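Note that the structure is a prediction, hence the values are computed from the model and not measured. We use all heavy atoms of the structure for the numbers below, so side chains are in, but hydrogens, waters and symmetry mates are not. Throughout, protein chains are lettered first and strands after them, A, B, ... in sequence-line order, and every chain is numbered starting at 1.
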There are 2 protein chains.
Amino acid sequence: MAISIAIIEDQDEIRNMLTILLNGSEGFSCIASYSNAEEAIAEIPKIKPDVVLVDIHLPGQSGIACINTLKPLCAETQFMIRTSLEDTDTIFEALKAGANGYIVKSTSPSKLLDAIVEVYHGGSPMSSQIARKVVSSFQNNESKKNKTEVALLSKRENEILQFLSKGLRYKEIADKLFLSTETIRTHIRNIYEKLQVNSRTDALNKVFGSKGNP
Amino acid sequence: MAISIAIIEDQDEIRNMLTILLNGSEGFSCIASYSNAEEAIAEIPKIKPDVVLVDIHLPGQSGIACINTLKPLCAETQFMIRTSLEDTDTIFEALKAGANGYIVKSTSPSKLLDAIVEVYHGGSPMSSQIARKVVSSFQNNESKKNKTEVALLSKRENEILQFLSKGLRYKEIADKLFLSTETIRTHIRNIYEKLQVNSRTDALNKVFGSKGNP
DNA sequence: AAAGCAATACCACGATAGTAGTAATTCAAT
DNA sequence: ATTGAATTACTACTATCGTGGTATTGCTTT
């Protein structure tokens, strides 16, 4: 089966060129094309193409906003951003919004087809520069276990902090660790003192980054 | 200035080959090589090479553990994993640990040099398959604002939830919103009911993902 | 017009959490 | 050998939270 593709692109010429390219290539089938995000949002959830090529700059709603809306509606569909230059921040935003990969517009037709196959098969084609941005962002999230703070705490204290983060009550923590509730109290008092806070939520926000507020 | 490189690789032959390749190529300089992680951990922080090539499978400590220790000590240094096959999970772990890119061992010398230049210049060379894993993981972190749950809550309730996540007391929230503490109480009771929880921490863990526990 | 929800507000009770002071034991470091 | 931190544990008091019941107002939706 050919890979079914939809195009969102405001410039008529380019849209037509892409359509012709795709339909003229074996294994590819362009099943729809739209000149704006609104139209695409209305139609794409019904036809669920395998891959959608999205121009990042669209007249009304941007390509990013468009993906943001569409991706939750068609989880199976792969969205590939088309961008003019290597605008890392914009591409990064698009990936956050749910895009699965991107290509620069100047990419040769054969490489474009390659990239479509790649996203279709579960890859995320991107330059190593963008990759670095993504990796860094994700490394930050992983290691936001504020090492300075955590280092202050003893083994036991860290252990208890873990349970605190799960929302357990003192009694429950005590039972898990076969300790007296009063001991847990003492540990938590010490934890709070070391972290310079005075509530569970403050402690968690201090050690693991804030949740709701970046 | 040539890019200074250190190698961590347990097989003598390969280590020597790499050293020769690097020193024989213009713009590259292999300034150190180690056959195990422990030795590398002791020395690399002192010499701070531009790039370190790390074999993922090492006799004692693994390459991943090694990067985990070293990366915080030399933030400027770029770590590049060398792996035999496209073992996505392992590579993924390595990236979490702080690696900046990877290459498969079968890569041709010229491409290896290219990749080194790429990491050195702030890229993260990786296949599109790995890129996808990284992107997905990071998309999860971004959108873990459990939309199903949040949608249940009214505007006011979400607002209050934000303050809850900051660790404010009922009284403090009330003051911020110019409402009675009792009103906050009521809202929070409703929030808890909608989320099917019965404590602040549980509510936060439900809506924003759990922090300390993946 | 009635039903329903969102938003506001109060009272009262019991549970949980946070604060303060104190102390014994153990283990590591000086 | 002594100091110091970690771990354990207790008592007592206060503050904050969680829960239940109830009520008014205003806006939608039927």
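- Atom CG in A:D202 sits roughly 19 Å away from atom P in D:dA15 (whole-Å rounding).
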### Task
Report the C-alpha separation of A:D50 and A:S4 in whole Å, then their side-chain angles, then the decisive distance to 0.1 Å, and conclude whether the side-chain hydrogen bond (donor to acceptor under 3.5 Å, both in side chains) test is met.
CA-CA 5 Å; A:D50 295 326; A:S4 63; 3.2 Å; yes

Listing time: all N or O pairs from protein to nucleotides 26-28 of chain C that are below 3.5 Å?
none

Would you tabulate the pairs of protein nitrogen or oxygen atoms and nucleotide nitrogen or oxygen atoms of nucleotides 4-11 of chain C closer than 3.5 angstrom?
{"unit_1": "C:dA7", "atom_1": "OP1", "unit_2": "B:R156", "atom_2": "N", "d": "3.3"}
{"unit_1": "C:dA7", "atom_1": "OP2", "unit_2": "B:S154", "atom_2": "OG", "d": "2.2"}
{"unit_1": "C:dT8", "atom_1": "OP1", "unit_2": "B:R156", "atom_2": "NE", "d": "3.2"}
{"unit_1": "C:dT8", "atom_1": "OP1", "unit_2": "B:R156", "atom_2": "NH2", "d": "2.8"}
{"unit_1": "C:dT8", "atom_1": "OP2", "unit_2": "B:R156", "atom_2": "NE", "d": "3.0"}
{"unit_1": "C:dT8", "atom_1": "OP2", "unit_2": "B:H187", "atom_2": "NE2", "d": "2.9"}
{"unit_1": "C:dA9", "atom_1": "OP2", "unit_2": "B:S180", "atom_2": "N", "d": "2.8"}
{"unit_1": "C:dA9", "atom_1": "OP2", "unit_2": "B:T183", "atom_2": "OG1", "d": "3.0"}
{"unit_1": "C:dA9", "atom_1": "O5'", "unit_2": "B:T183", "atom_2": "OG1", "d": "3.3"}
{"unit_1": "C:dA9", "atom_1": "N7", "unit_2": "B:T186", "atom_2": "OG1", "d": "3.4"}
{"unit_1": "C:dA9", "atom_1": "N6", "unit_2": "B:T186", "atom_2": "OG1", "d": "3.3"}
{"unit_1": "C:dC10", "atom_1": "OP2", "unit_2": "B:S180", "atom_2": "OG", "d": "2.6"}
{"unit_1": "C:dC11", "atom_1": "N4", "unit_2": "B:E182", "atom_2": "OE1", "d": "3.2"}

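- Taking atom CD1 of A:I188 as the reference point, atom C1' of C:dT16 lies 11 Å away to the nearest angstrom.
- Between B:K171 and B:D175 there is a salt bridge, with a side-chain nitrogen of the basic residue lying less than 4.0 Å from a carboxylate oxygen of the acidic one.
- In this structure, NZ of B:K171 is placed 14 Å from C1' of D:dA15, rounded to the nearest angstrom.
- Around the NZ atom of A:K176, the shell of radius 6.0 Å holds no more than 12 heavy atoms that belong to other residues, nucleotides or ligands.
- Residues A:I44 and A:A6 share a closest heavy-atom pair of CD1-CB, 4.2 Å.
- Counting to the nearest Å, the P atom of D:dT16 and the CG atom of B:L164 are 15 Å from each other.
- With contacts defined as side-chain heavy-atom distances shorter than 4.5 Å, the pair B:I91/B:M126 does not qualify.
- A distance of 11.5 Å separates CD1 in B:I31 from OG1 in B:T19, rounded to the nearest 0.5 Å.
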Which atoms of nucleotides 26-30 of chain D (N or O only) lie under 3.5 Å from a protein N or O atom, and what are those distances?
none

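- Regarding contacts with the backbone of D:dG18, a side-chain N or O of B:Y192 is found under 4.0 angstrom from either OP1 or OP2.
- A salt bridge is absent between B:D55 and B:R15: the closest approach of a Lys/Arg side-chain nitrogen to an acidic carboxylate oxygen does not fall below 4.0 angstrom.
- In this structure, B:E172 atom CD and D:dT16 atom C1' are separated by 11 Å, rounded to whole Å.
- Summarising the geometry, the separation between CG on A:L153 and C1' on D:dT7 is reported as 14 Å, rounded to the nearest angstrom.
- Note that CG of B:L177 is 5.0 Å distant from CD1 of B:I184, once rounded to the nearest 0.5 Å.
- The distance between atom CD1 of A:I173 and atom P of D:dT7, rounded to the nearest whole Å, is 15 Å.
- A 4.5 Å side-chain heavy-atom check between A:V54 and A:L70 finds every atom pair outside the cut-off.
- Taking only side-chain nitrogens and oxygens, A:R169 never comes nearer than 4.0 Å to OP1 or OP2 of C:dA17.
- The phosphate of D:dG18 has OP1 or OP2 within less than 4.0 Å of a side-chain N or O from B:Y170.
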